[in-house]
Protein chains: 2
Amino acid sequence: MNTLAEENYLKALYHLTMQTPEGAYTNYIAAYLQTKASSVTDMLKKLSSKKLVHYKKYQGVTLSKKGKQKALQVIRKHRLWEYFLVEKLNFRWDEVHEIAEQLEHIQSDELINRIDKLLGFPKYDPHGDPIPDANGYYEEIPFLTLFAIPVGEMVTICGVIDSSVSFLKLIENIGLTIGTLIKVEEIFEFDHSLKIAIPSRKTKVLVSQQISKNVLVKIKK
Amino acid sequence: MNTLAEENYLKALYHLTMQTPEGAYTNYIAAYLQTKASSVTDMLKKLSSKKLVHYKKYQGVTLSKKGKQKALQVIRKHRLWEYFLVEKLNFRWDEVHEIAEQLEHIQSDELINRIDKLLGFPKYDPHGDPIPDANGYYEEIPFLTLFAIPVGEMVTICGVIDSSVSFLKLIENIGLTIGTLIKVEEIFEFDHSLKIAIPSRKTKVLVSQQISKNVLVKIKK
DNA sequence: ATTTATTTTTAGACTTATCTAAATATTATT
DNA sequence: AATAATATTTAGATAAGTCTAAAAATAAAT
């Protein structure tokens, strides 16, 4: 059983080391968690003594197998609760994160497994991120999302992750219907929103991260 | 915003001072919360400085208006989550307490109000205890429950709080159907289970607290 | 290859909530 | 009313997690 702080570090380390598999830097972890480098060092020592991370002074840190497993269980809970909040309590995508940050720490395997069942064992959360199963296994989306496309690339829209009426209404309204050929013109670092050109309509639209993560595309060759 | 420990003390004080409105004793609070008297004193000082309790050294403690309000909000959350766990996730009554002890501390008014709505604004939880509304207002059950009947009293069963198939099946099976005249023969302190005599059947049954709190009765005069 | 800049770690302090053991107040008993 | 018993509070310690400021290690620059 891990403390709330431990769970938050494990989750952060998972996200950070997936982006840079060679390990995470103390300062970067501190910035990510909005804390100080010295606090990070303290916690890394603690997690290391619990065999949850591989850590050597000044050498960066990676999750151990055990640590990765624990992190995935927290991520599983976070994403399932987000799904629950949107699906069963009609919250909007952008409202659920903070509440899920709290709910992900509720200690009960039985509870989260029943929530999973209630929701019909979803594979992806409302942001288009994959939900690990009870064993920590998950599948990446078999297509690319618009989120993952670099600047300059031309792609064709071939599907959506979220199929709610409200989402479909939105993408139809801005012209991102299935089959449309589009081009990623710019990625704004601030919130990872994208400027998209739609040649067939001779227009451009600004697309949020939440939208881009829910639009599936094929690269045009 | 109160800490988890503060919320637990407020809840405990509410339960303890409802039983004895003249105030709660340090040692009794300590026993109730499975902690030490000195820890209780520390926390009472803290709650007092936050104007959540009326506390004078050696003189016992009562909740302030503000403290009572906060306590009722925690109790509201606890009972609504219990209801949710039983009603939507098919947990049994005896399984839900521990999980609800965690969920009651999730900070989001919007969340608990939506859970309330999802459940249809129930007035009583699965244990037959009243659920305060968003303003802290609640109604005691207009009839007596079997739980509240003293030894020796004869009563007639006139209803139930829980009307699930599983509960009705149970009370029919043990002979506690509506209209039946019964007598409380003994109350076992250990778990507040009751020995009930059913003269019409010439039998006696042992009834748990969870059952007794869900059976409504009228006193036979 | 030194010096400089940056990153990381240590040392020591602070907060919250807890504890033990000693001190003090209250209540009960003779 | 004095003493004994009990209840409550204080004093000081501990653990988790955080912080600031100083020290040490690593990386970059001349």
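Quick note on labels: first sequence line is chain A, next is B, and so on, each numbered from 1. Note that the coordinates shown come from a computational prediction; the quantities given were computed from them, not determined experimentally.
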Please tabulate the protein-to-nucleotide N/O contacts below 3.5 Å involving nucleotides 18-20 of chain D, giving atom names and distances.
residue	atom	partner	partner atom	Å
dC19(D)	OP2	T35(A)	OG1	2.5
dC19(D)	OP2	K36(A)	N	3.3
dC19(D)	OP2	S39(A)	OG	2.6
dC19(D)	N4	D42(A)	OD2	3.3
dT20(D)	OP2	K36(A)	NZ	3.3
dT20(D)	O4	S38(A)	OG	3.1

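Side-chain atoms of R76(B) and N113(B) form a donor-acceptor pair, as typed in the model, at a separation below 3.5 Å. Between the side chains of H78(A) and E104(A), a donor-acceptor pair is found at a separation under 3.5 Å.
In terms of phosphate contacts, N27(A) brings no side-chain nitrogen or oxygen within less than 4.0 Å of OP1 or OP2 of dT6(C). Between dT10(C) and Y58(A), no contact under 4.0 Å exists linking OP1 or OP2 to a side-chain N or O.
Under the 3.5 Å distance criterion, the side-chain polar atoms of Q69(B) are matched with a main-chain donor or acceptor of N135(B).
With DNA chain D read from its 5' end, the first of the two nearest nucleotides for K57(A) and L4(A) is the one closest to L4(A).
Counting non-hydrogen atoms under 4.0 angstrom, T26(B) reaches the backbone sugars and phosphates but no base. Contacts of Y28(A) with the nucleic acid, taken as non-hydrogen atoms under 4.0 Å apart, are absent.
Considering CD1 of I115(B) and NZ of K88(B), their distance stands at 9.5 Å, rounded to 0.5 Å. Here the NZ atom belonging to K68(B) is positioned 7.0 Å from the OH atom belonging to Y14(B), to the nearest 0.5 angstrom.
Nearest nucleotide to the side chain of T3(B), out of dT10(C), dT8(D), dT16(C): dT16(C).
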